Novice: 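My structure is below; once you've seen it, I'll send some questions.
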Amino acid sequence: MPATMKSLRYPSQLVEAQLVSRDRLASLQNVAARYAVAITPVLADLIDASDAADPIARQFIPDERELQLQPEEKPDPIGDGAHSLVEGIVHRYPDRVLLKLVNACAVYCRFCFRREMVGPGRGGLSRTQLAAALGYISRTPQIWEVILTGGDPLLLPPRHLKEVMARLAAIDHVKVIRVHTRMPIAAPERVSDALIRALRLGKATFVVLHANHARELTAPARAACARVVDAGIPMLSQSVLLRGVNDNVETLGALMRALVECRIKPYYLHHADLAPGTAHFRTSISEGQTILYALHGRYSGLCQPHYVLDIPGGYGKAPIGPTYLSADAASVTDFKGVRHAYPPRGG
Ligand SMILES: *Cc1c(COP(=O)(O)O)cnc(C)c1O
């Protein structure tokens with residue numbers, strides 16, 4: 001696909017591109033009026049419209065069920081608001097902050113936990129707000145790490161990103177910068193040399209790629225990640241456990257292997273948050289644990305992400321992976337599922 005082709009942003013364009021049938025137009029217009037839609041050319045091209053269960057379509061094409069709210073779903077499902085005293089900053093853990101520079105993304109995931117906060121035209125931090133956010137970071141010496149998220153921070157023009165990275169690099173106590181993005185997958189051509197040079201300006205910088213299915217790692221996406229890693233920037237990944245996208249061990253294992261083959265270390269597998277209108281994406285925690293248990297049994301240690309839950313209300317993340325040790329530490333289960341006694345004074 002030529003890089004100049006535009007993203008699909010309206011249900012009418014999805015109908016024209018034959019990604020959804022015309023009889024869904026009116027209902028999807030209702031969804032699009034509520035939650036932002038954007039599908040980049042690369043991702044539109046990846047959708048198999050003949051497969052009603054296509055995992056790429058499921059992640060990005062709006063769905064009528066998004067307007068069905070469950071009582072447990074919240075506009076701010078992980079309670080960021082309670083920890084945001086300065087616009088653009090979320091400071092929940094003592095040693096690290098989120099810095100949200102932009103509120104837009106190249107592609108809008110239908111299960112996004114910030115779906116009430118993101119969209120085109122939501123803007124980002126103004127110069128004054130950015131100065132205030134950087135001021136907060138400079139006068140808070142316990143902040144060791146700054147996590148750029150959003151919105152997708154790599155949507156910023158390289159020149160602007162470079163300025164932010166330089167200003168963060170100038171703060172002595174900030175030693176690590178983490179950048180969370182979907183750009184290498186959504187718009188690999190935007191991961192340009194200028195963008196990578198901007199990323200290298202900071203302190204130790206890590207790029208965390210958001211990926212949920214092995215098919216997202218197209219040849220151009222892999223090449224974009226290789227440019228980042230070759231520039232000396234380590235990459236990690238985060239994924240969301242999603243019903244109908246990756247909720248079985250083979251699909252999840254294939255994703256983790258594809259990431260590791262790209263020199264990307266799987267970091268987190270998030271249990272899907274209680275974001276509004278996303279019940280059709282959620283598995284139960286016990287289903288998640290069963291899948292993770294099988295993943296541990298069958299795949300390399302490099303392919304193992306931490307299965308985490310963001311506790312509703314703003315209390316932070318908790319690892320919820322299955323445990324292999326019995327509660328009394330008297331036995332432990334091996335990768336084949338066989339239980340072994342462990343001596344009482346062993347540990
Ligand atoms: C997820 C998150 C982080 C990062 O947590 P790690 O466990 O270090 O990856 C930091 N701050 C907030 C507010 C978060 O939600």
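Below, each value reflects all heavy atoms present in this structure, side chains not excepted, and no hydrogens, waters or symmetry copies. Along the sequence shown, residues carry numbers from 1. Just so you know, these numbers come straight off a predicted model, no measurement behind them. First listed ligand is number 1; within each ligand, the first listed atom is number 1.
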Novice: Donor-acceptor pair, distance only, cut-off 3.5 Å: does the side chain of R182 make one with the backbone of H210?
Specialist: yes
Novice: Around atom CZ of R22, are there more than 12 heavy atoms of other residues, nucleotides or ligands at under 6.0 Å?
Specialist: no
Novice: So, Y324 versus Y293, ring centres under 6.0 angstrom or not?
Specialist: yes
Novice: N or O contacts of ligand 1 with protein under 3.5 Å, please list pair by pair.
Specialist:
from, atom 1, to, atom 2, distance (Å)
ligand 1, 7 (O), R96, NH2, 3.4
ligand 1, 7 (O), Y268, OH, 2.5
ligand 1, 8 (O), R96, NE, 2.6
ligand 1, 8 (O), R96, NH2, 3.2
ligand 1, 8 (O), R178, NH2, 2.9
ligand 1, 9 (O), R178, NH1, 2.9
ligand 1, 9 (O), R178, NH2, 3.2
ligand 1, 9 (O), Y267, OH, 2.7
ligand 1, 15 (O), R92, NH1, 2.8
ligand 1, 15 (O), K317, NZ, 3.1

Novice: With ILVMFWY side chains joined below 4.5 Å, transitively, what does F206's cluster contain besides itself?
Specialist: W144, V176, V208, L236, Y267, Y268, V308
Novice: Take atom CD in Q70; do more than 12 heavy atoms of anything else shown fall under 6.0 Å from it?
Specialist: yes
Novice: For the ring pair H91 and Y136, is the centre-to-centre distance below 6.0 Å?
Specialist: yes
